[in-house]
Amino acid sequence: MYNEGRSKKEMEMTYMEEMMTGMINNIFFIIFPIVVYQMFATAGQRNFFVSHRVTMTILFSISIILCMMFPYQFLTDQYIFDLRQVPMIVGALYGGPVVSGILFLVSSIGRIIIGGDGMYIAILNQFVIAAGVPFLRPLYMRINRLGKIALVFCISIASLLFNMFAGAFFFGDPLHDIIGIWVMLMLNQGTIIVLTALLIEHMQRQEYMYNAMLKHEKMETVSHFAAAVSHELRNPLQSIKGFIQLMHEYEYSREKQLEFHQTILEEIITAEDLIDDYLVYAKPTYGQLEPITVSPEVHHVLKIMAPYANGKDVVMQMIEMDEHARILVDRQKFQQALVNIIRNGIEAMPEGGTLAVSVKSSPAKVWIEVADEGVGMTKEEVKRLGEPYFSNKIKGTGLGMMVTYSIISQMNGEVLVDSEKGKGTEFTLEFPNIASVSK
Ligand code: ADP
Ligand code: MG
């Protein structure tokens, strides 16, 4: 077939080029859902699929369809090949039986539309992958990275071996003629599936480390609070103790006793509330973005910060409060960011002072302002804010602002800083106002 006057060498070149182009396209189809996932996943789950199961299934289905729509010739024109097995296997391993079942349906319908001789073998093969691979999932989740690589590689090879023997059995393809090509195919698909699994594992590890850091930073703040809270708890406990001793020593009138009981009850509720507030704050949960009204959240944060501020002779003042301002955030993370900024404000005033908090809004934006009259920062220090481990405090971690910047930008907000050395600092959190959107 030396048509169009091309030499054999040239023909092989175009084969090679076409094959490479086709293969690279296929690789792209597989990688793109993973990258898209990375761009949008902020829920902070360790499992690739758990947080966005539906999205991931749809994205992987698209991968499979694209791979099938744009197959490529592998080495000779007899072999048309695509990499749909990669998203199928990876999807089954990370997503489990339900995801696997859906991917099977998608790939089978696609394969039926393509038609041709190989259809039954291909569908049978896809069925074996979809039904069998989920059983390996518990093992896959347990083993280390090297084990995972070995396992996906072996599954990929087993699946291609199945195709090869089925082809030999049903169509009588002489094995010794095609074995070379199949070995190449196995290496090819094996390498790509290993790279895919490595990419997912790498992303999960990063997500995991990021969450571990968030948690660490929060625990550090909580442990700082612990002293302030136990100090604050001492007041109600002291007064409860006092009343009980009084009642023990004298025989009071019924009326007086009831009055004491009432006071004791109130003190217990105060103590309970204090503990509850902290427990809610300390709980490491990662939620979804939800629309919230800013006012109660800010009040809540001021309440949990009160013992800490009291301990440092800082008065927190609400200057202006827009009761209607609403923003779209992850409630817990929003609180964490606000706590970090308020805490820094309090710590910037070692001699005590006033911390002014305001919530303002325009139709488009909401601003939460926290202003202290503390030590302030130079321009260079402001620039370094948010850098990990940048801290001017003896016991500082330099993680608070880094976490704050990252949380706020995840929620489409911005952190603005206005500071003057020796005068004070104003932090502003700026968010899109959703109250105006929903009206
Ligand atoms: P840490 O509080 O553990 O030091 P942060 O990341 O919260 O870490 O803050 C980093 C540094 O930024 C602080 O050490 C401090 O020097 C500076 N800083 C942050 N907020 C203020 C503020 N309100 N006033 C003055 N300096 C601040
Ligand atoms: Mg801090």
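Whatever order the structure lists them in is the order used to number ligands and atoms, beginning at 1. Given the structure is predicted, the values throughout are model-derived calculations rather than measurements.
- For ligand 1, the atoms lying closer than 4.0 Å to a non-hydrogen atom of Gly396 are 3 (O), 4 (O).
- Each of the atoms 5 (P), 6 (O), 7 (O), 9 (O) of ligand 1 lies under 4.0 Å from some heavy atom of Met401.
- The Ala348 neighbourhood of ligand 1 comprises atoms 22 (C), 24 (N), 25 (C), with distances under 4.0 Å to a heavy atom of that residue.
- In terms of N/O distances under 3.5 Å, ligand 1 is not approached by Met377.
- A tilted orientation is assigned to the rings of Phe29 and Phe70, their planes being inclined by 30° to 60°.
- Ring pair Phe260/Phe243 is tilted by interplanar angle, where 30° to 60° counts as tilted.
- Ligand 1 is approached by Leu385 to a heavy-atom distance shorter than 4.0 Å.
- The closest protein non-hydrogen atom to atom 3 (O) of ligand 1 is Thr397 N, 2.7 Å.
- Ligand-side atoms of ligand 1 in range of Phe427: 20 (N), 23 (N), range being under 4.0 angstrom from any heavy atom.
- Expressed to the nearest 0.5 Å, how far CD of Glu220 lies from NZ of Lys395 amounts to 10.0 Å.
- Atom 11 (C) of ligand 1 has Phe390 O, 3.6 Å as its closest protein atom, hydrogens excluded (heavy atom only).
- For the Mg ion (ligand 2), the N/O/S atoms of Asn340 include none lying under 2.8 Å.
- From Gln335, atom CD reaches atom CD1 of Ile304 across 5.5 Å, with rounding to the nearest 0.5 Å.
- Short contacts between ligand 1 and Ser391, defined as distances under 4.0 Å to a heavy atom of the residue, involve ligand atoms 1 (P), 4 (O), 14 (O).
- Here the CG-NZ distance, from Asn144 to Lys148, works out to 7.5 Å after rounding to the nearest 0.5 Å.
- For atom 16 (O) of ligand 1, the choice among Asn344, Val382, Asn392, Asp372 with the nearest heavy atom turns out to be Asn392.
- Heavy-atom proximity to atom 1 (P) of ligand 1, evaluated over Gly398, Gly400, Gly345, Pro388, is greatest for Gly398.
- Closest protein heavy atom to atom 2 (O) of ligand 1: Lys393 NZ, 2.8 Å.
- Residue contact annotation: Gly374 has no non-hydrogen atom under 4.0 Å from ligand 1.
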For this session: Apply salt bridge (charged side-chain N to carboxylate O under 4.0 Å, His left out) to Glu373 and Lys423, showing your working.
Result: CA-CA 6 Å; Glu373 34 188 42; Lys423 284 266 170 65; over 6 Å; no

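- The minimum heavy-atom distance linking Ala356 with Ile319 is given by the pair CB-CG1, 3.6 Å.
- The only option from Glu381, Glu380, Glu387 that meets the salt bridge (charged side-chain N to carboxylate O under 4.0 Å, His left out) definition with Arg384 turns out to be Glu387.
- Applying side-chain hydrogen bond (donor to acceptor under 3.5 Å, both in side chains) to Tyr94 and the options Arg53, Glu201, Arg137 leaves one that passes, Glu201.
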